[in-house]
There are 2 protein chains.
Amino acid sequence: MNQTMTYEDFQRRVSSVILTENGNCPVTPVIQMLQGKWKLQIIYELCIQSPMRFGELKKMLTPITNTMLTNALKELEGDGLVHREQYNEIPPRVEYSLTEKGRDLLPVFYAISQWGMKYIP
Amino acid sequence: MNQTMTYEDFQRRVSSVILTENGNCPVTPVIQMLQGKWKLQIIYELCIQSPMRFGELKKMLTPITNTMLTNALKELEGDGLVHREQYNEIPPRVEYSLTEKGRDLLPVFYAISQWGMKYIP
DNA sequence: CCGGATCCCCAAGGATACTG
DNA sequence: CAGTATCCTTGGGGATCCGG
């Protein structure tokens with residue numbers, strides 16, 4: 001998959017790659033899931049260090065606002081990529097980490113990274 | 001890269017995967033490049049058949065409007081993913097095809113597709 | 001400390017009419 | 001046929017203030 005392929009090779013393979021049996025494209029929902037100004041950065045921070053508290057994430061992602069961080073984390077949790085662990089203490093403590101589903105995105109990031117290193121100056 | 005890895009493996013590898021030497025993340029610009037409601041569908045159509053004329057693309061992507069298709073194609077051409085070939089005939093004819101840079105996205109689509117087939121019901 | 005609730009802004013998305 | 005030009009709508013992104 002890594003060397004440059006001819007257009008004929010590409011066309012021969014593409015239907016099995018980006019189209020499933022029922023005719024749906026599995027790529028679109030994944031791209032949509034990773035959209036949003038802060039999501040990739042949040043995932044990246046949780047890759048480097050995990051778990052992370054809300055305040056730690058906010059500090060790393062400055063100048064993100066509380067609202068934006070809360071919304072992004074909720075969506076990531078809703079998509080099953082991030083796990084939220086709440087401890088009922090005073091003062092409150094909440095820790096975020098990647099799920100297995102989130103960690104399984106690594107091959108995706110790897111492929112994108114390879115492409116980016118080749119084509120992004 | 002394909003079997004599930006432990007979180008320790010993941011953390012050990014991630015910095016080399018989604019962070020380059022200069023500290024920039026090469027993933028973000030690629031995701032941004034693929035954003036937009038119609039771009040992935042356009043790329044997909046050009047994978048299946050190429051070259052395609054403006055009207056053919058418009059027909060395949062119904063109910064896309066002229067404005068949206070024009071904008072998306074211009075951005076894709078500006079990013080070097082799509083090639084535009086104009087023939088000075090009457091009536092006018094313009095054909096679009098993927099560049100090598102665009103075809104090289106196949107490993108990315110493949111990785112996303114694998115993830116999607118595992119996690120998207 | 002970790003958010004929720006509101007209100008605002010602007011760019012992306014889109015409908016419609018027109019043209020070389 | 002392959003677009004342009006124009007105007008309109010929508011929702012993601014964000015600032016600010018409030019609460020358990």
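Chain A is the first sequence line, chain B the second, and so forth, proteins listed ahead of strands; every chain is numbered from 1.
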(request) Take A:P63 and A:P92, find for each the nucleotide of DNA chain D with the closest heavy atom, and name the residue whose nucleotide sits nearer the 5' end. (result) A:P63
(message) Can you say whether a donor on the side chain of A:T67 sits under 3.5 Å from an acceptor on the base of D:dT16, or the other way round?
(response) yes
(message) Quick check on the helix from C:dC1-D:dG20 to C:dG20-D:dC1: what's the angle between its two end axes, five base pairs per end, to the nearest 10°?
(response) 50°
(request) Would you mind telling me which residue lines up with the more 5' stretch of DNA chain C, A:P91 or A:T70, judged by nearest nucleotide? (result) A:P91
(message) As a test of reading the structure: which of D:dG3, D:dC1, D:dG13 is closest to the side chain of B:R53, going by heavy atoms?
(response) D:dC1
Would you indicate whether the side-chain heavy atoms of [Y] and [X] approach each other to under 4.5 Å?
X	Y	result
A:E85	A:V94	no
B:T99	B:R103	no
B:E100	A:Y119	yes

(request) Identify whether the distance between the nearest side-chain nitrogen and carboxylate oxygen of A:E56 and A:K58 falls below 4.0 Å. (result) no
Non-hydrogen atoms of [X] and [Y] that approach each other most closely:
X	Y	value
A:S50	A:Y96	OG-O, 4.1 Å
A:K101	A:D79	NZ-O, 2.9 Å
B:P107	A:A111	O-CB, 3.7 Å

(message) What's B:Y87 touching, base or sugar-phosphate or nothing? Going by heavy atoms closer than 4.0 Å.
(response) nothing
In whole angstroms, how far is the [atom2] atom of [N] from the [atom1] atom of [X]?
X	N	atom1	atom2	value
B:Q35	D:dG12	CD	P	12 Å
A:E75	D:dG11	CD	P	14 Å
A:N66	D:dC18	CG	P	15 Å
B:M68	D:dG3	CE	P	15 Å
B:E85	D:dA2	CD	C1'	15 Å
B:R93	D:dC1	CZ	C1'	11 Å
B:N71	D:dA5	CG	P	12 Å
B:E56	D:dG3	CD	P	13 Å

(message) With a 4.0 Å cutoff (strictly under), does any side-chain N or O of A:K37 reach OP1 or OP2 of D:dG11?
(response) no
(message) Name the residue from A:I31, A:V27, A:I112 that meets the side-chain contact (heavy atoms from CB on, under 4.5 Å) definition with B:V108.
(response) A:I112
(message) Once salt bridge (Lys or Arg N to Asp or Glu O under 4.0 Å) is applied, do any residues pair with A:E77, and if so which ones, sequence neighbours excluded?
(response) none
(request) Walk along DNA chain C from 5' to 3' and tell me the first and last nucleotide with an atom closer than 4.0 Å to a non-hydrogen atom of chain B. (result) C:dG13 to C:dG20
